[in-house]
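A short worksheet on the structure shown next.
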Amino acid sequence: MKLTRCSIYQFGKLKEKDFDFADGVNLIRGSNESGKTTLHSALAALFFGAEKGRGRAAKDSIYRANLPWSDPRLYGGALEWEREGRQFRVERDLAKTPPRTTAWEKTEAGLREIPPADLPVPPSLSPYLYFNTLSFRQHSAAVEGALADELRSHIINLQGSGNENIDIGAALGILKEKRRSLRTQLQPDAAARMIAVRRRLAEAEQADFSASAEDWDEEKERLADQEARARRLAEERTHLTRELEARRALLKDHGLDDREAVKKDLEKASVVAESMENFEESYADSRFFPGTVKLISYLTLPVMLLFFWLVVNSVQTHHYPAAGLAAAGFFAALLVSLRFSRKQDALDAQKKNREVLLKLLDKYMPGHEAAGSAQEAAELKEFLGKAADAFEYLDEREAAVQETTEELTRILGDNQSISRSLEENLSRRMERERWEDNIRRLREEEAALQPVLRKNQELEEEIAALDLAMDTLADLSVRTASDFGAPLTGTASGIFREITGGRYQGVRVGSDLQLLAEQDHQLIPPESLSGGTMEQLYFSFRLAMVRLLWPDEPMPLFFDDSFAFYDDERLTALLNWLRDNYAGQVFLFSCQEREETILGDLGIPFKKITLE
């Protein structure tokens with residue numbers, strides 16, 4: 001969809017203005033109070049219409065905020081746009097009550113008037129979605145919470161029926177109301193009454209009443225207890241199964257789905273952590289650097305040889321005191337050599353441990369700026385230890401699921417036996433309770449029940465058909481609504497990652513449109529971000545919604561002084577992204593020269609419209 005022209009008769013402070021728009025970027029420049037926001041509001045009012053409203057709605061409405069300054073009787077304008085190769089014009093006289101709308105389609109033969117309802121607009125485009133997706137107003141890039149319901153409804157309708165104009169939610173409500181109406185017409189006891197009548201007619205004199213009422217009550221109470229137990233077990237099994245799936249997914253997300261690899265790496269990490277800790281404890285006070293240790297180790301050998309020669313020479317010349325001193329020097333040099341050799345061995349082992357540690361940290365903590373310290377080794381050991389504990393916990397939960405399943409199977413088997421016994425006892429009990437009933441009255445009752453049963457059967461068939469339809473729609477709604485954030489997350493993450501230069505890895509979108517920024521495996525709420533980054537986050541999410549709602553149609557975007565929190569780097573990244581990735585029109589309303597300068601520096605063509 002592309003806007004081509006807007007004619008303002010009177011709207012707010014604007015009067016008798018014509019604006020022609022181009023493909024790509026349209027830069028609307030003007031000082032404060034020059035009418036930029038008024039023009040932005042006019043585009044929305046002329047496209048969607050605007051009414052006075054009542055009460056609080058009237059106070060905050062576009063209609064009230066943009067009443068003409070001079071003559072409110074001339075309130076309105078015209079808007080022209082192109083869509084799918086066709087050109088349209090709509091003219092709105094907002095001074096009328098109700099406002100008057102006239103629409104035309106431009107053809108080769110000229111303007112052809114058409115009903116306003118036939119104006120082709122992008123699917124699902126409503127004022128609410130417009131102001132929460134396509135329109136970026138000053139200091140209000142964040143979206144409203146109620147948008148989740150409207151977006152969810154759009155996704156459900158589109159995926160469920162292939163047509164976003166079909167309201168599946170409304171259809172489901174109609175089906176429920178129809179079923180409720182049919183159920184009120186049912187006589188649920190008619191079938192049981194007919195069974196009882198016919199059985200007693202055939203077996204009035206031959207019924208076997210061996211089962212007592214007490215037996216019946218006991219069995220019925222037992223069955224109720226068993227069924228309650230079965231429901232609790234089924235809920236427990238469902239909870240355990242979901243917990244297992246969630247924990248497995250969590251482990252997999254952290255690269256911990258290989259149990260044996262985690263176990264082996266935990267052993268490595270434990271050895272490395274213990275060795276590095278021992279090294280730091282043993283040589284914490286050492287003042288030698290690795291090069292000094294190696295140098296001293298090398299120098300002790302010639303010193304030992306010198307003392308050994310002095311010992312031999314002193315003995316041969318009978319200078320025994322000198323020989324004793326030389327021998328002492330020899331052994332002292334030997335002790336130094338041994339000490340520094342051990343220290344060199346410890347340093348070599350520490351180097352190997354650090355190499356192993358860095359590999360493990362890169363495997364399990366990618367992006368972590370590792371120094372290869374004993375503390376990191378201890379943290380890695382603790383991390384892998386928790387992962388090993390998680391695997392053991394999964395084993396325990398799986399055993400619990402198995403135990404619960406076996407218990408549930410046993411109870412269901414018992415319930416079948418009890419139910420069969422109850423059915424048999426019910427038959428005899430009904431016969432006994434009505435044993436002395438008059439045969440004639442039973443026949444009359446049978447005749448009276450015949451049309452009721454036929455009516456019940458017809459109603460039940462209709463209800464069954466309605467139940468099947470509702471189950472299908474409800475299943476679609478639940479599955480689609482529960483994860484409608486998923487298609488947004490990938491698109492928003494890619495945009496956010498690109499316009500932040502990779503400083504953030506992505507965006508997480510919850511089912512109610514809660515947004516979180518992802519950085520270094522941490523999820524950060526918007527309120528913890530800087531103003532500029534928060535605006536980038538909301539921009540990414542809005543563009544993701546635009547691509548979700550209108551995947552095959554480039555829609556115009558409107559930025560009304562939206563970049564107050566953007567520095568030049570952020571604004572350059574955003575405009576650069578729009579140039580490379582967005583095919584629709586972009587309307588920039590600004591009171592500054594910055595946007596124009598950056599557009600020129602980037603070589604992005606644009607049409608400039610100046611408001612005085």
Side-chain angles (χ1 to χ4, degrees), residues 160 168-235 238 408-409 411-478:
I168 290 182
L172 192 60
I174 294 172
L175 293 177
K176 287 182 179 178
E177 178 60 26
K178 178 64 175 177
R179 182 181 63 175
R180 187 196 64 78
S181 175
L182 293 177
R183 285 194 177 281
T184 60
Q185 302 176 44
L186 278 173
Q187 297 188 33
D189 62 338
R193 287 162 51 200
M194 178 61 81
I195 291 173
V197 167
R198 289 177 174 175
R199 183 179 295 114
R200 281 190 290 276
L201 282 173
E203 304 175 358
E205 299 295 338
Q206 303 174 10
D208 179 10
F209 300 154
S210 57
S212 66
E214 290 75 15
D215 294 333
W216 163 267
D217 292 337
E218 290 176 1
E219 289 290 291
K220 188 174 181 180
E221 183 178 353
R222 181 186 172 197
L223 178 61
D225 292 341
Q226 291 280 75
E227 289 177 340
R229 172 63 176 162
R231 286 193 296 272
R232 288 195 296 271
L233 287 173
E235 292 173 358
T238 300
L408 181 60
T409 302
I411 290 177
L412 292 177
D414 292 344
N415 287 356
Q416 289 180 352
S417 177
I418 296 173
S419 297
R420 286 193 295 269
S421 176
L422 284 174
E423 290 176 0
E424 296 173 359
N425 291 340
L426 175 62
S427 175
R428 290 190 291 270
R429 177 176 177 143
M430 292 178 66
E431 292 176 17
R432 183 180 60 187
E433 290 176 350
R434 294 172 175 82
W435 174 255
E436 297 178 353
D437 285 353
N438 185 276
I439 298 299
R440 181 185 56 80
R441 185 185 62 80
L442 291 176
R443 292 189 182 279
E444 291 175 354
E445 186 176 351
E446 179 186 25
L449 286 172
Q450 289 288 354
V452 175
L453 289 175
R454 286 195 296 270
K455 180 64 175 178
N456 273 4
Q457 183 176 0
E458 294 173 359
L459 292 173
E460 288 170 352
E461 289 175 355
E462 283 193 66
I463 291 172
L466 291 174
D467 285 340
L468 178 60
M470 286 192 298
D471 287 344
T472 302
L473 292 177
D475 179 65
L476 171 65
S477 300
V478 170

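In this text, all values refer to a predicted model and were calculated from it rather than measured experimentally.
Between atom CD of residue Glu445 and atom CD of residue Gln450 there is a gap of 11.5 Å, rounded to the nearest 0.5 Å. Here Arg229 contributes atom CZ and Asp414 contributes atom CG; the two are 12.0 Å apart, rounded to the nearest 0.5 Å. Put simply, CZ on Arg180 and CG on Leu182 are 10.0 Å apart, with the number rounded to the nearest 0.5 Å. The distance from atom CG of Asp467 to atom CD of Glu460, rounded to the nearest 0.5 Å, is 11.0 Å. Atom-to-atom distance recorded for Leu459:CG and Gln187:CD is 9.5 Å, nearest 0.5 angstrom. For the atom pair CZ of Arg454 and CG of Leu449, the computed distance is 11.0 Å after rounding to the nearest 0.5 Å.
For the pair Ala230 and Leu408, the tightest heavy-atom approach, listed with the atom from each and the gap, is O-CD1, 3.5 Å. Here the closest heavy-atom approach between residue Ile411 and residue Gln226 is recorded as CG2-O, 3.5 Å.
Side-chain atoms of Thr238 come within 3.5 Å of backbone atoms of Ala234 as a donor-acceptor pair (strictly under, hydrogens ignored).
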